[in-house]
Structure formats: structure tokens, C-alpha cells
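Step one of this worksheet: look at the structure below.
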Amino acid sequence: MPTRRTVIAPSLLSADFARLADAAQQVSGEADWLHVDVMDNHFVPNLTIGLPVVKSLKAATPLPLDCHLMITDPKRWAPGYAEAGAYNVTFHAEACDDPVGLARDLRAAGAKAGLAIDRDTPVEPYLDLLPEFDTLLIMTIKAGFGGQAFIPELLDKVRAARRVAGDLELRIEVDGGIAADTIEAAAEAGADAFVAGTAVYGAQDPAAAIRRLRGLVDDATTPEPDR
Ligand code: DX5
Ligand code: ZN
């Protein structure tokens, strides 16, 4: 199986919201995607940014925008992010009663389609839908806030998804508490895209923090040479 490049997606949630373009610039040589957490104060208690800011970011950085919509009624709002040029638009399974229909709308609008599974939601009911998606985002915390502690038990969902993903062109992304002490376990479970907020923007040197995380994934996923 050809190995695909690991995706490291720093989360702007831990950046300075008054300097988002600078935050994008700080990681532009190292990050694969820029993770944008959209929270609406309904689906989650927190409130962050929305479509106007995503449009401005799109103009401010060449990095692919990985929009993680923690919002109610994604059927209504998510296609606008695809139309604005987001690379990947991920909505929550808990907020949508027609995930396949919305995935098709997102793909038709030119974006990759992502399905997010929050802490308390089992992944099994969604495994049959994976061919309709480009990204499966497994929360490794409860969605809503940065800086929470990683929950290792949630990697069982990553393992279950990786087992059925087979030859699908599916990214399995983990989000929440991903840092130098947790990323290897996530990689070993089968994740190949890693969101990191605090671990990147809380670091003195965000670009160096990304290099370190990528190195840890490479070490965890490179087979030992035969002797
Ligand atoms: C939280 C967000 C995450 C957040 C992760 O609901 O989805 O993307 O930025 O932050 P850390 O990496 O600090 O856990
Ligand atoms: Zn996120």
C-alpha cells in the first residue's frame, strides 16, 4: 500500500483571533491544512467564527482550509463554506439527519466532505456511509473547547473505521488533545490527519512544533526494517 503523506492541521482556535492571517503565515511552510473551528453557541456552548472570516482567510493564505463545523443545521450552512473555497468541510453526525445528502451537496460544490463523530457518539452506525466521505473526523475530546485532555479510549473508533476503510480514499482525522505525548497512539490506531491547537499555537515556535509532530507520526508508522 503506498504510504500517503501525513496531514498535520494546526487549529486556529488556539491562535490570536485578532491576527489570524499572521497565524496562517507562521505555519505556511509546514502545515498541510489549516483547521478552522466554526462554533455557533448552539451545537456547542462556545462561539467562534463563521463564513465571513473563512472568506477572508481564503484570501489571506494558500493553505487548504479544513473547516470543522460545530453547528446546528449544517444542511443549511455547510454548502456556503464549500462555495467559499474551503478545501474540506466537516459537519457533525449528531447535527444532521441526512449525512449522505449533505456530503453529496458539499462534493458538488467542490469541497471534500467530512463527517465528525463527537465523544459520546458511536461510529458503527456511520461505517457504511464512509464511501460518501473524504474525511472522517473522530473527536478525541468532547467538541467545544481547545486545551482539553486527550481521551485514549476514543481511539477504538479510529481502529474500527480504519478496519473498514480498506482501499477507500478516506482521511481519518483526530481532533482534541493531540500533542507530542498522544500523537503516536493516534497514528498507530490508524489516523492519518492530526489536528493540533494548543500543541502548535501554544508553542514558542509553531512551525517547529509541527515538524516535531510529523516526525513522531513518521516514527510510529514506519515499519522496522527486516534484519
Ligand atoms: C475543539 C476543536 C479542536 C481544538 C483542539 O472542539 O474541534 O479543533 O482546536 O484543540 P487542542 O488541540 O488544544 O485540543
Ligand atoms: Zn476542530
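Each residue takes its place number in the sequence, starting with 1. No experiment lies behind these values; they were computed from the predicted model shown. Keep in mind that the numbers below use all heavy atoms, side chains included, and drop hydrogens, waters and symmetry copies.
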### Straight-line distance of Leu168 CG to Glu132 CD, nearest 0.5 Å
10.5 Å
### Query
Per the side chain to side chain contact (heavy atoms under 4.5 Å, CB included) rule, which among Val44, Leu69, Ile49 passes with Met39?
Val44
### Task
Report, as yes or no, whether the 6.0 Å neighbourhood of atom CG on Asp98 holds more than 12 heavy atoms from other residues, nucleotides or ligands.
yes
### Message
Counting only heavy atoms not in Glu94 (residues, nucleotides, ligands), do more than 12 fall under 6.0 Å from its CD?
### Response
yes
### Query
Taking everything shown except Arg159 itself, do over 12 heavy atoms lie less than 6.0 Å from its CZ?
yes
### Message
For His68 and Asp66, which I'm curious about, is there any donor-acceptor pair between the side chains at under 3.5 Å?
### Response
no
## Note on the structure
Nearest heavy-atom approach of Ala199 to Ile178 is CB-O, 3.4 Å
#### Entry: Residues that, via side-chain heavy atoms closer than 4.5 angstrom, fall in one hydrophobic cluster with Leu154
Ile151
### Task
Apply salt bridge (Lys or Arg N to Asp or Glu O under 4.0 Å) to Lys142 and Asp118, showing your working.
CA-CA 6 Å; Lys142 171 83 179 154; Asp118 205 353; 3.4 Å; yes
### Message
Show me the pairs that pass salt bridge (charged side-chain N to carboxylate O under 4.0 Å, His left out) and involve residues 6-34, at least two apart or across chains.
### Response
Arg5-Asp32, Asp16-Arg19, Glu30-Arg211, Asp32-Arg214
### Message
The criterion is ring-ring contact (aromatic ring centres under 6.0 Å, His included); which residues satisfy it with Phe150, sequence neighbours excluded?
### Response
none
### Task
Compare every heavy atom of Thr48 with every heavy atom of Asp37, then report the nearest pair and how far apart it is.
O-OG1, 2.7 Å
### Query
Which heavy-atom pair separates Ala15 from Leu20 by the least distance, and what is that distance?
CB-CD2, 4.5 Å
### Rounded distance (nearest 0.5 Å) linking atom CG of Asp175 with atom OG of Ser11
6.5 Å
### Query
So, the side chain of Thr121 versus the backbone of Ile117: is there a donor-acceptor pair under 3.5 Å, distance only?
no
### Message
Determine whether a donor-acceptor pair (N or O, by modelled atom type, separation under 3.5 Å) exists between the side chain of Thr140 and the backbone of Gly176.
### Response
yes
### Message
Would you say that more than 12 heavy atoms from the other residues, nucleotides or ligands in this model lie under 6.0 Å from the NZ of Lys55, or not?
### Response
no
